[in-house]
**Q** 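Take a look at the following structure, please.
Labels below follow one simple rule: chain letters A, B, ... track the order of the sequence lines, proteins then strands, and each chain is numbered from 1.
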There are 2 protein chains.
Amino acid sequence: MDTLPDDRPAFHDGGHEHQSCVEDALARAEDLCRRRGARLTPLRRRVLELVWGSHRAVKAYDLLAALDDGAGAAKPPTVYRALEFLKEHGLVHRIDSLNAFVGCPQPGEGHSAQFLICGECGEVSEMNAASIDRAVAERAAASGFALSRIIIELHGRCPRCATPSRGI
Amino acid sequence: MDTLPDDRPAFHDGGHEHQSCVEDALARAEDLCRRRGARLTPLRRRVLELVWGSHRAVKAYDLLAALDDGAGAAKPPTVYRALEFLKEHGLVHRIDSLNAFVGCPQPGEGHSAQFLICGECGEVSEMNAASIDRAVAERAAASGFALSRIIIELHGRCPRCATPSRGI
DNA sequence: CCGCCCGGCGTTACAGTATAGCAGCACGCA
DNA sequence: TGCGTGCTGCTATACTGTAACGCCGGGCGG
Ligand SMILES: [Zn+2]
Ligand SMILES: [Zn+2]
Ligand SMILES: [Zn+2]
Ligand SMILES: [Zn+2]
């Protein structure tokens, strides 16, 4: 019955060292691409870094604006192609209900992700709950349905935004 | 462990009488709106009927085109407002991963829907699996997350498209 | 009956999201 | 050197969704 705790903390407290959090993510990406023979070009690396700028989901056009280095503004295909590459290699996930992208904390491992999305602070936390996987797989099988892609996006309030303060 | 079968068949066979299927859906909608004091106007009813035209998810701009009765073409807000009304009253669901809408077979009851979406024939089947609900609620609670909206969209192949024919 | 309010609908205009298709360029390799 | 391939850039366009304003008709108090 899946009593295993998540292997990393859901949602980040004040003490979170985001600087190193991003550096680690980029290092994992470099490593994974090297092992796969995929090219993490400067542009792709920069986009990944921007996505990791926060733990919120980032919109493509915000990335586009952020890429604008003062001179000519970047064009949509630039960022969409980088995102497609990152997505193919599991370095980012697309959140369909937000039209936005979030960095994957555990790229490379075949994992079915479920996302907790806080509507208050915007933070997105990725889960890997075997119990949910199992329930979904069972029900799909019971309907004779052959699964290929599982989208689970859970909206609500994260612990920090939900808890103490006054109601409402 | 949720061994209850779904209360309606997932996916439709050749013998499906879609004419009456649509009529029943419209009758349920009329009834539900009457009970709620909501106004199922001719336009809204027509949009609902178009959504129910198939068991696939329908795009807003396809509805728009279908609404065009030869004279002046309908404008986006027309159909989006109708869809918003239908969605508020649970008569249709939005499939976020497709930017499209599908009719709800059981409107009015508080149900958390999971969707099985066939990538081959496009048919969308709505489930109400308590086991999935439960697994999701447990994991969210374990993270201290207060759920408000649960999006579960399962892509793959329906029984008819997956089964007999030659491989591939 | 009159005037008012309000919800539904129509229109214009625009914002936001995403892709097609072609050109230039750098690199590795024959 | 010449070529192919993959990355990036560009223009243009398609697709999705919303803001804001105004008209109209029906209900309701006066
Ligand atoms: Zn961090
Ligand atoms: Zn939060
Ligand atoms: Zn039917
Ligand atoms: Zn199918």
**Q** Please determine if a side-chain N or O atom of A:Thr78 lies less than 4.0 Å away from the OP1 or OP2 oxygen of D:dT8.
**A** no
**Q** Taking only side-chain nitrogens and oxygens of B:Lys59, does any of them come within less than 4.0 Å of OP1 or OP2 of D:dC15?
**A** no
**Q** Going by modelled atom types, is there a donor-acceptor pair between the base of C:dG10 and the side chain of B:Arg81 at under 3.5 Å?
**A** yes
**Q** Going by 5.5 Å between centroids and 30° between planes, is there a stack of B:Tyr61 over D:dT16?
**A** yes
**Q** Testing the basics here: between B:Val51 and B:Val58, what is the closest heavy-atom pair and its distance to 0.1 Å?
**A** O-CG2, 3.8 Å
**Q** Can you classify the ring geometry of B:His18 versus B:His55 as parallel (below 30°), tilted (30 to 60°) or perpendicular (above 60°)?
**A** perpendicular
**Q** Round to the nearest Å and state the distance from B:Asn99 atom CG to D:dA14 atom P.
**A** 18 Å
**Q** Can you see if the side chain of B:Arg44 gets near the phosphate of C:dG7 - specifically, an N or O under 4.0 Å from OP1 or OP2?
**A** no
**Q** Can you work out whether A:Pro77 or A:Phe85 has the more 5'-proximal nearest nucleotide on DNA chain D?
**A** A:Phe85
**Q** Are any of the side-chain nitrogens in A:Glu120 or A:Arg160 under 4.0 Å away from the carboxylate oxygens of its partner?
**A** no
**Q** Sort out for me which residue in B:Arg36, B:Glu84, B:Arg44 forms a side chain to side chain donor-acceptor pair (under 3.5 Å) with B:His89.
**A** B:Arg36
**Q** With no angle test and no hydrogens, is the base of D:dG26 tied to the side chain of B:Arg39 by a donor-acceptor pair under 3.5 Å?
**A** no
